[in-house]
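Chain naming here is simple, since letters A, B, ... match the order of the sequence lines and numbering starts at 1 in each.
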There are 2 protein chains.
Amino acid sequence: MTADSAVETLSYPAPDVVRDLVERAIARGAMVTLFGPCTVEYEGRAASSLGPGDRHVTLKPDGAALVHTDEGQQPVNWQPPGCDHSVAVADGALVVRSERTTPEEELEITFETVAHAAAFDVSDPEELAVTGTEADLKERVLDAPDLVESGFTPLATERETPAGAVDVYGEDAAGRTVVVELKRRRVGPDAVGQLDRYVEALRRDLHADTEVRGILVAPSVTDRARQLLAEKGLEFVSLEPP
Amino acid sequence: MTADSAVETLSYPAPDVVRDLVERAIARGAMVTLFGPCTVEYEGRAASSLGPGDRHVTLKPDGAALVHTDEGQQPVNWQPPGCDHSVAVADGALVVRSERTTPEEELEITFETVAHAAAFDVSDPEELAVTGTEADLKERVLDAPDLVESGFTPLATERETPAGAVDVYGEDAAGRTVVVELKRRRVGPDAVGQLDRYVEALRRDLHADTEVRGILVAPSVTDRARQLLAEKGLEFVSLEPP
DNA sequence: GGGTGTATTTCGCCG
DNA sequence: CGGCGAAGTACACCC
């Protein structure tokens, strides 16, 4: 992370020269990038084929692989962390392969030419600190339960039910059981379904005479979600992460 | 996409030299990559802070920005396509900013040092061809409806209901309405909820005497999903994409 | 631009 | 390892 970070680069190198650079880089745990005209084949959970074009390829020391075009935030092809990267020269082309098992997946990138190759020694001790998440919204609710409803008392978080864990479990001023489902942003029908599953599971699980209320806490809901809430007899409280 | 792809690179350049390279590259629609020790601040839909460390930064001509560490398939920070990239020198550091509106979002990367900078002219005329998707599974069902059930007749795809569009809508050998929800891979409780919403919506919408069956078509289901299917009186057929 | 659903989602947590 | 749900999810499609 200091100015002595080792960087090795090549411009329009011969295939065997790139191969050696990449092999050495992988061996020492460096990050590799390649750029140039290539084709990409993938087979695994699905299958894909990408004809010739210029792409930017990243091989990470944790085994992840990324193929980026000039468009989009997402890579056009990729491989998750934990893969084995290998590189070879075949018919004058550089072939990069990244494979894994469980599930069996393989990515193969064939460079007609490598326009640029680089190896970076990376040191990154820092963790990303994010705020505005659902966890922050939960803290806000636990710190001030009245934001949900006057008299609401949280009793547990992540309380287990046969349908999964409830975000916040508690009771209202009248002693009725309350299930709170938190969402950090505007929600659609899926979140209502989720809350409903928890409420139904608790109604089954608790004694038949126990009343169970379900409250969706989010900044806002879509029309369809609001209608679903009404149909299911569930409630909504508008609240956002701090 | 040929060997004459223009690539411009710099090793440990002075900040103002990188700034000029980046500005020229952005102006001509090239892709930019930077590597070196930096900090990253984000504020928008959420907010995040990342302390000093080595990262690889990509600025795409469509306005996307990516910040990658040595780990993970996902960027540690990013900006979606459509953002405005700008670069400046402040206190001897290179500051890269990427911003957009609706929603208001800003990403700021401050390089203590730039170890490597590159600009790539990208030409990529090809589209990715993927197989094994839900669309392929749908075709398989439409080509051979008996795979769902002997006597099943598809009548429409993407049929609209008050709860959203049904994947495949049809009728069984007895003339009963059938709603088919397709999933390309093993499914959990959420898919059952989705199917149930469609079935319930159609039961409301059609005449009260119309029987509506719901069939989940996927390679497999989890235990909880299977239980939910039973509770809701829905069915499951095992089928995978070709 | 918002709503809805898919994705080779990825990722983290937990049993 | 699989199940489950969150994510600044991204992305496509339709209104």
Test item: A:Leu234 and A:Ile215 side chains (from C-beta on) under 4.5 Å apart, heavy atoms: no

Between P on D:dA6 and CG on A:Leu182, what's the gap in Å once rounded to a whole number? 9 Å

For A:Gln194 and D:dC4, give me the distance from atom CD to atom C1', rounded to whole Å. 9 Å

If you apply the rule side-chain contact (heavy atoms from CB on, under 4.5 Å), what do you find for A:Val217 with A:Val148, and how did you get there? CA-CA 7 Å; A:Val217 173; A:Val148 173; 4.2 Å; yes

For residues B:Lys60 and A:His68, is any side-chain donor paired with an opposing acceptor at under 3.5 Å? yes

Taking the side chain as everything from C-beta on, heavy atoms only, tell me whether B:Val166 gets closer than 4.5 Å to B:Leu195. no

From CD of B:Glu127 over to P of D:dC11, roughly how many Å is that when rounded to an integer? 13 Å

Suppose you measure atom P in C:dT4 against the same atom in C:dT8; what distance do you get, rounded to whole Å? 23 Å

Could you measure between the two P atoms, the one in D:dG8 and the one in D:dC4, and give it in whole Å? 23 Å

Which nucleotide wins on minimum distance to the side chain of B:Glu134, given the candidates C:dA7, C:dT8, D:dC4? C:dA7

Would you say B:Arg97 and B:Val87 make side-chain contact, with heavy atoms under 4.5 Å? no

Hey, does the side-chain of A:Asp190 have a donor or acceptor N/O within less than 3.5 Å of a partner on the base of C:dT4? no

Does B:Gln79 make a side-chain donor-acceptor contact with the base of D:dG8, cut-off 3.5 Å? yes

What protein N or O atoms touch nucleotides 9-12 of chain C N or O atoms at under 3.5 angstrom, if any, and at what distances?
from   : atom 1 : to       : atom 2 : distance (Å)
C:dT9  : OP1    : B:Arg185 : NH1    : 2.6
C:dT9  : OP2    : B:Arg184 : NH1    : 2.6
C:dT10 : OP1    : A:Arg45  : NH2    : 2.9
C:dT10 : OP1    : A:Trp78  : NE1    : 2.8
C:dT10 : OP2    : A:Arg45  : NH1    : 2.8
C:dT10 : O5'    : B:Gln73  : OE1    : 3.4
C:dC11 : OP1    : B:Gln73  : N      : 2.7
C:dC11 : OP1    : B:Gln74  : N      : 2.9

Nearest-nucleotide comparison on DNA chain C, the residue closer to the 5′ end among A:Arg186 and B:Asp167: A:Arg186

Output the rounded distance in Å from NZ (A:Lys183) to C1' (D:dA6). 7 Å

Less than 4.0 angstrom between a side-chain N/O of A:Thr133 and OP1 or OP2 of D:dA6, yes or no? no

Might you confirm whether atom CD of B:Glu160 has over 12 heavy atoms from other residues, nucleotides or ligands at distances under 6.0 Å? yes

In whole angstrom, give me the gap between the C1' atoms of C:dA7 and C:dC11. 14 Å

Who are the side chain to side chain donor-acceptor pair (under 3.5 Å) partners of B:Arg100, not counting sequence neighbours? B:Glu105

With distance as the sole criterion, is a donor-acceptor pair present between the side chains of B:Ser220 and B:Arg186 under 3.5 Å? yes

Closer to the 5' end of DNA chain D via nearest nucleotide, is it A:Ala165 or B:Ala46? A:Ala165

Value in whole Å for how far the C1' atom of C:dG5 lies from CZ of B:Arg159: 18 Å

Atom CD of B:Glu104 to atom C1' of D:dG8: distance rounded to whole Å? 14 Å

Just one of B:Glu134, B:Glu240, B:Gln194 clears the side-chain hydrogen bond (donor to acceptor under 3.5 Å, both in side chains) bar with B:Lys183, so which one? B:Gln194

Kindly give the atom pairs (protein nitrogen or oxygen, nucleotide nitrogen or oxygen) under 3.5 Å for nucleotides 13-15 of chain C.
none

Closer to the 5' end of DNA chain C via nearest nucleotide, is it B:Gly164 or B:Thr101? B:Thr101

How close or far is atom C1' of C:dT6 from atom CG of B:Leu128, stated in whole angstroms? 15 Å

Does C:dT8 have OP1 or OP2 under 4.0 Å away from a side-chain N or O of A:Ser48? no

Close side-chain approach of A:Arg226 and A:Phe236, heavy atoms under 4.5 Å: yes

Classify B:Pro103 by what it touches in the nucleic acid, base, sugar-phosphate, or nothing, heavy-atom distance under 4.0 Å. nothing

A:Arg224 CZ to D:dC15 P, straight-line distance once rounded to whole Å: 12 Å

Tell me which nucleotide among C:dA7, D:dA6, D:dG5 gets nearest to the side chain of A:Tyr198. D:dG5

Take a 6.0 Å sphere around CD of A:Gln227 and say whether it holds more than 12 heavy atoms from other residues, nucleotides or ligands. no

Report yes if at least one side-chain N or O of A:Thr222 is closer than 4.0 Å to OP1 or OP2 of C:dG2; otherwise report no. no

Which is true for B:Glu181 with a 4.0 Å heavy-atom rule: it touches a base, it touches only sugar-phosphate, or it touches nothing? sugar-phosphate

Touch class at under 4.0 angstrom, heavy-atom based, for B:Ala163 against every strand present: sugar-phosphate

